[in-house]
There are 2 protein chains.
Amino acid sequence: MKKDSPDTRAYHHGDLRRALIESALSIVTQEQDWSFSLRELARRAGVSHAAPHSHFAEKRDLLIAVADVGFARLRDRMLEAVSRLKRADKALTAAAQAYIAFATENPALYRLMFGPALADGAATRTAASGIGAETKAVLEDLVLRGAQSGVFTPKPDDAAALGVATLSCWSTVHGLANLIIDSKVDPALPDHQLVDGVMQLFLDGIRTRRPAS
Amino acid sequence: MKKDSPDTRAYHHGDLRRALIESALSIVTQEQDWSFSLRELARRAGVSHAAPHSHFAEKRDLLIAVADVGFARLRDRMLEAVSRLKRADKALTAAAQAYIAFATENPALYRLMFGPALADGAATRTAASGIGAETKAVLEDLVLRGAQSGVFTPKPDDAAALGVATLSCWSTVHGLANLIIDSKVDPALPDHQLVDGVMQLFLDGIRTRRPAS
DNA sequence: ACCTGAACACCGTTCAAGT
DNA sequence: ACCTGAACACCGTTCAAGT
């Protein structure tokens, strides 16, 4: 970052791999365009169009690298939103708000993360290894906390029930994010209100009787 | 369909528009590949590569036409699953099962329907007019029925509460479909079981006290 | 009205060759 | 090890010209 003066392009550029990822990220977050080409990235980096292939065997590999950064940012954002909240139900709602805010502020990146980055077009189901696992882990942890503190109905040692609750929460939030991004939701209603309503309904399904004060 | 014998290709093909859509549908449903090109469709139809553009100004217009068929099929499948069930909660679960079955059996078509068909890459939010409205309508109707029959908590005239419930249901089902397709869910668990668990949780949030017999 | 053929400005990927 | 230049086999879209 601070090695060379801005215009001193090394013959071999020095750090092309990172430059390509950052370039892709800036296109996707600033121009909201996830349909960039490897050749354009190469152009911006000032290298030949074939250069990227010495760092990424396929375009998908570059997309995966970009998606990874996206997932890290999403996780950080959720964790930050959650950090000051003790009650698991409040924290879960806050995490959902952060999740939807991330998606609506960076729809192109969000689409890239869950979109064709790994689904190669011909594959029936994505061979998604651990992509997105960080996101799930955050929700999983909150659900477990809620179970342990008695705020949620599943018993802390009932793995199946905890799994269903986590999956249910993630599905709801993920689905809502997609519907909002795809303009399937009345745009008159502010996002945070939608999230509040939907999360309240979700929490009603797993919260123990005592109505939250 | 029955006008010409199979190989009598008219000079102007007769019905290229439909042929292109059907060709695209068969590629997408049989080969599970939604990354086809207009030129390939033209090849299969035995016309020049420029011919499609006399029926579809942009490739996206063809994709929209394909997506429309997909949404009609999804709606039909949901309606059929629901047709014999009277209780709104049972019907909603059946609709969800049909929804997820459709998505997992036709992941490529499902991705095309909700994917970049309308999201043109540069647009922040899709200018999705009524695409997918049929799907929402089915769920909306079931939620309303449940409210009217007293199975669900929202009052039948509380539009806001009904809207939240519908959105919540669609989000959950849509999100679950995406997570399954994208292999973000433990593949050891059968889909119908996942749907059952998730829907049960959802219903717990809006069902009136009386535990379903 | 519907289609063809050629053309334009792009792609991703490969591969010998350079440094 | 990293990159270039040329090449290959594609794209979507446009547009004059044909029938």
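Computed from a predicted structure; not experimentally measured. Proteins come first, then strands; the chains are lettered A, B, ... in the order of their sequence lines, and each starts at number 1.
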> Can you name the residues that form a ring-ring contact (aromatic ring centres under 6.0 Å, His included) with A/Phe36, not counting sequence neighbours?
Replying inline: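 ring-ring contact (aromatic ring centres under 6.0 Å, His included) check on A/Phe36 returns nothing, list empty.
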> Who passes ring-ring contact (aromatic ring centres under 6.0 Å, His included) against A/Phe56, sequence neighbours left out?
Replying inline: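 For A/Phe56 there are no ring-ring contact (aromatic ring centres under 6.0 Å, His included) partners, ignoring immediate neighbours.
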>> Under the rule for side chain to side chain donor-acceptor pair (under 3.5 Å), what residues qualify as partners of A/Asn178, not counting sequence neighbours?
In response: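 Partners of A/Asn178 by the side chain to side chain donor-acceptor pair (under 3.5 Å) criterion, ordered by chain and then number, come out as A/His174.
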Residues in side chain to side chain contact (heavy atoms under 4.5 Å, CB included) contact with [X], at least two apart in sequence or another chain:
X        : answer
A/Ala177 : A/Tyr99, A/Ile100, A/Ala103, A/Tyr110
A/Val185 : A/Leu179, A/Ile180, A/Leu194, B/Leu167
B/His55  : B/Leu16, B/Arg17

What N/O pairs connect the protein and nucleotides 15-17 of chain D at under 3.5 Å? Give each pair on its own line.
none

>> Taking the minimum atom-to-atom distance to the side chain of A/Ser54, which one of D/dT13, C/dG5, D/dC3 wins?
In response: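 Minimum distance to the A/Ser54 side chain belongs to D/dC3.
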> Separation of B/Arg17 atom CZ from C/dA1 atom C1', in whole Å?
Replying inline: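 In whole Å, C/dA1 C1' and B/Arg17 CZ are 15 Å from each other.
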>> Just to be sure I understand the rule, does B/Ser48 reach a base, reach only the sugar-phosphate, or reach nothing, if contact means heavy atoms closer than 4.0 Å?
In response: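 Counting heavy atoms under 4.0 Å across all strands, the contact made by B/Ser48 includes a base.
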>> Let me check I have this right: for DNA chain D, each base becomes ., (, ), [, ] or |, based on Watson-Crick or G-U pairs with both distances under 3.5 Å. What is the full string?
In response: ||.|||||...|||||.||
> For residues 136-146 of chain B, which residue pairs qualify under side-chain hydrogen bond (donor to acceptor under 3.5 Å, both in side chains), counting only residues two or more places apart or in two chains?
Replying inline: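 Found none.
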